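Remember, it's 1-based here, ligands and their atoms both numbered in the order they're listed. Please read these numbers as outputs of a predicted model, since none were measured by experiment. Throughout, numbering of the chain's residues begins at 1 and tracks the sequence.
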Amino acid sequence: MPIRLLAPDIAAKIAAGEVIERPASVVKELVENSLDAGATDITVEITNGGMDTIRVTDNGSGIAEDEVELAFHRFATSKVSSVSDLDAINTLGFRGEALASIAAVADVDLTTRTVDASGGTRVSVRNGEVQDKEPYAAAPGTTFSVKKLFHDFPVRLKFLKTPAAESSRVETVMSRFALAYPEVRVRLAADGKERLTTSGSGRLKEAFAEVYSAEIAGQMLELEPNQSRPGGPQCTGLVGTPAATRANRAYITFFVNRRWVQSRVLGVALEQAYHGFLKERRYPIAVVNVIVPPEHLDVNVHPAKSEVRFRYESAAFSAVQQAVRSALNVSSPVHEVTLPSSGIPVQTQTIERTETFWPTKLPPPHAETIRQDTQPIAEHQQRPVQSVQTQSVQTPRDTLPSLRVLGQVQNTYVVAEGPQGMYLVDQHAAHERVLFERVIAQGKTRTAEVQALLEPLVLELDPRRYELLSQHVDVLTGMGFLLEEFGANAFLVRGVPGVMGGEDPKSGLTDVLDLMADGGGFESWEERAAYSIACHSAIRAGKILSHSEMEELARQLAACEQPHTCPHGRPPMVHLSASHLEREFGRR
Ligand code: ADP
Ligand code: MG
């Protein structure tokens, strides 16, 4: 499409706003233009944090000689021509604003050549006016040189940080492009030093390794397209194994149709998918691209185009959550163990296991469980984390080898031996897992064990708890509570779930309600309720267990669908492998 001025009615519909705040915004707009022009090779060079020069060179379509002036007009674009085009935007740019905005606050030199032109064109743009247009020998593509950014705008200049800080913002922007466009060769040099180079191989994992490191890339799991929703939003990308976490959200990157976005909704979806896998205040590493039909997306809501509005937000939400959850289900590691010993650095070992956190089906019958459990850990489960690519085989059920209980440590951990070495089982976390699965399974089959009370109890509740209980009384009934409404703000309790034991049923139910209220991050109220009942009822740390109680716990844990995960995200057990022990004792 040729470059044209947008008609005033379209221009009025565009979320106008000053897009150029700092060097990184110039880089973002220019590189977006290069990508829209189909470039496969983009080089960005900056000096002094971009405050002196920003040069962007691409091998894209180039600008026709007779359109060069127009390109610098406000609302001149080749990407949108009618109001309806705004409803389905396929390009990164669409407002025709960026070049005009940049030329208004900096000196710009442009060299460009289309493939079919015999030669190139060069112009200087000063104070927004195109000058000195001349033929210029150039390869097909475009180079923008932006100099003296904000030179005549001291107030803007004052808002800029140090050159190093501005430079690092540019690097962040470039990293996002590198991750969104792995098929494009992206280079960034700052003051002559290479800061980022990608190969443009088209493989996201490679681009990821180039942006972060090969080591982190080795811990990433690939998101698979969801076959069950062919028309719906799809996700591609990489997410870290639960072993690869960070203390903040800086390693989480979202794209929608390959446009970098900030999105609370997608962030919540991601973190919910990790719920139970990560400890508190740990965050995943993730690069997720959500693909939706352009007509289901409004990209015209933010001046920097960094926010989008989904037409079907909940579909995007569940697409992310499901894609991430199923990647995690395929593989997540048993907790690693480090032992301080005799001043010699201990090698940590992480064993990769296939694992699903939420039971998707009922626990298998016992006989089958025992048969599975006595099998040694499969070969592929022993590879170190770096070999995540080999984890493509989905095992529906995680397995725990049968354990021989040896004793209890600190009245909290059960020590056991298995075919692969030694296990320390956290009695509370393990029991919580067991009860959680049992309550879910009984709820699904409507076979909840109920412990009927000899005399019904009246439970008076504050309005908040009353509201919660009224809303979810069916869920709790399905899990073994016998409840009746009893006037304003009160319930009659006639029975409690069998797993809750003989403790005070009133405070038990209150506890469960509080846990349910806090249990954010769980997908459904069923899971919240099951988790709350399990958490309340599980054996506490500090309780002395008899040998037979410990054996029973180990047996029940082995019968779980996901024995390696506790609903809190703490590991129910740590494993010291036989080879780890051998190394520790210098036998190998
Ligand atoms: P927008 O990207 O919203 O269209 P811009 O002001 O960023 O607006 O760019 C104006 C026009 O200039 C674009 O529509 C495009 O036709 C042309 N253009 C800008 N940069 C390039 C480039 N690197 N290669 C080819 N054409 C470009
Ligand atoms: Mg643009």
Side-chain angles (χ1 to χ4, degrees), residues 1-7 10-11 13-21 24-45 54-83 85-86 88-106 108-117 120-123 125 128 130 133 136 138-146 173-174 177 180-181 184-187 258-260 294 299-306:
M1 211 192 288
I3 303 180
R4 285 189 284 195
L5 274 181
L6 287 177
I10 309 178
K13 283 196 161 36
I14 282 180
E18 195 45 81
V19 292
I20 305 305
E21 281 183 339
S25 10
V26 174
V27 170
K28 175 174 182 285
E29 294 296 333
L30 293 181
V31 174
E32 284 191 354
N33 282 345
S34 299
L35 291 165
D36 282 345
T40 55
D41 197 332
I42 301 171
T43 300
V44 175
E45 294 150 286
I54 298 168
R55 182 156 57 234
V56 178
T57 305
D58 71 48
N59 65 348
S61 64
I63 304 175
E65 186 261 334
D66 57 348
E67 293 185 347
V68 165
E69 286 90 346
L70 199 47
F72 287 93
H73 272 87
R74 195 164 293 272
F75 304 130
T77 178
S78 58
K79 300 167 195 175
V80 173
S81 66
S82 69
V83 171
D85 286 350
L86 285 175
I89 286 172
N90 289 311
T91 47
L92 294 166
F94 51 85
R95 294 189 180 129
E97 264 194 311
L99 294 187
S101 304
I102 296 168
V105 293
V108 179
D109 293 332
L110 162 68
T111 308
T112 186
R113 182 187 150 190
T114 56
V115 185
D116 39 11
T121 307
R122 188 185 160 88
V123 294
V125 190
V130 176
K133 188 167 170 183
Y136 198 84
T142 302
T143 300
F144 279 97
S145 290
V146 176
V173 164
M174 292 303 289
F177 285 122
Y181 291 84
V184 176
R185 191 168 137 86
V186 169
R187 280 178 288 178
R258 308 222 279 175
R259 179 192 301 280
W260 177 79
V299 292
N300 192 20
V301 289
H302 187 267
K305 300 169 284 183
S306 60

For ligand 1 and Ser78, I'd like to know whether there is a polar contact (N/O to N/O, distance under 3.5 Å). yes

Less than 4.5 Å apart, side chain to side chain, heavy atoms only: is that true for Leu99 and Glu29? no

Under 4.0 Å from ligand 1, counting heavy atoms only, is it the side chain of Phe144, its backbone, both or neither? side chain

Decide side-chain contact (heavy atoms from CB on, under 4.5 Å) for Thr77 and Ile3; before the verdict, give the C-alpha distance in whole Å, the side-chain angles of both, and the deciding distance to 0.1 Å. CA-CA 5 Å; Thr77 178; Ile3 303 180; 5.8 Å; no

From the options Thr143, Asp58, Thr142, select the one residue that forms a side chain to side chain donor-acceptor pair (under 3.5 Å) with Ser34. Asp58

Ligand 1 versus Glu97, non-hydrogen atoms closer than 4.0 Å: side chain, backbone, both, neither? backbone

Is the closest side-chain heavy-atom distance between Met174 and Val186 below 4.5 Å? yes

How far is atom 6 (O) of ligand 1 from the closest protein heavy atom, and which atom is that? Leu99 N, 2.9 Å

Measure Ala37 to ligand 1 on non-hydrogen atoms and call it side chain, backbone, both or neither using the 4.0 Å cut-off. side chain

Looking at the Mg ion (ligand 2), is there an N, O or S atom belonging to Thr77 that lies under 2.8 Å away from it? no

With a cut-off of under 6.0 Å to the ring centre and 45° to the axis, is Arg95 in cation-pi contact with Phe75? no

Specify side chain, backbone, both or neither for Thr142, according to which of its non-hydrogen atoms lie closer than 4.0 Å to ligand 1. side chain

Taking distance alone, with N or O pairs closer than 3.5 Å, would you say Ser61 contacts ligand 1? no

Min over Ala76, Gly96, Pro2, Ser101 of heavy-atom distance to atom 10 (C) of ligand 1 lands on Ala76

I'd like the name of whichever of Leu110, Val80, Ile63, Ile102 reaches closest to atom 26 (N) of ligand 1 through any heavy atom. Ile63

Minimum side-chain heavy-atom gap Ile54-Val27 below 4.5 Å: yes

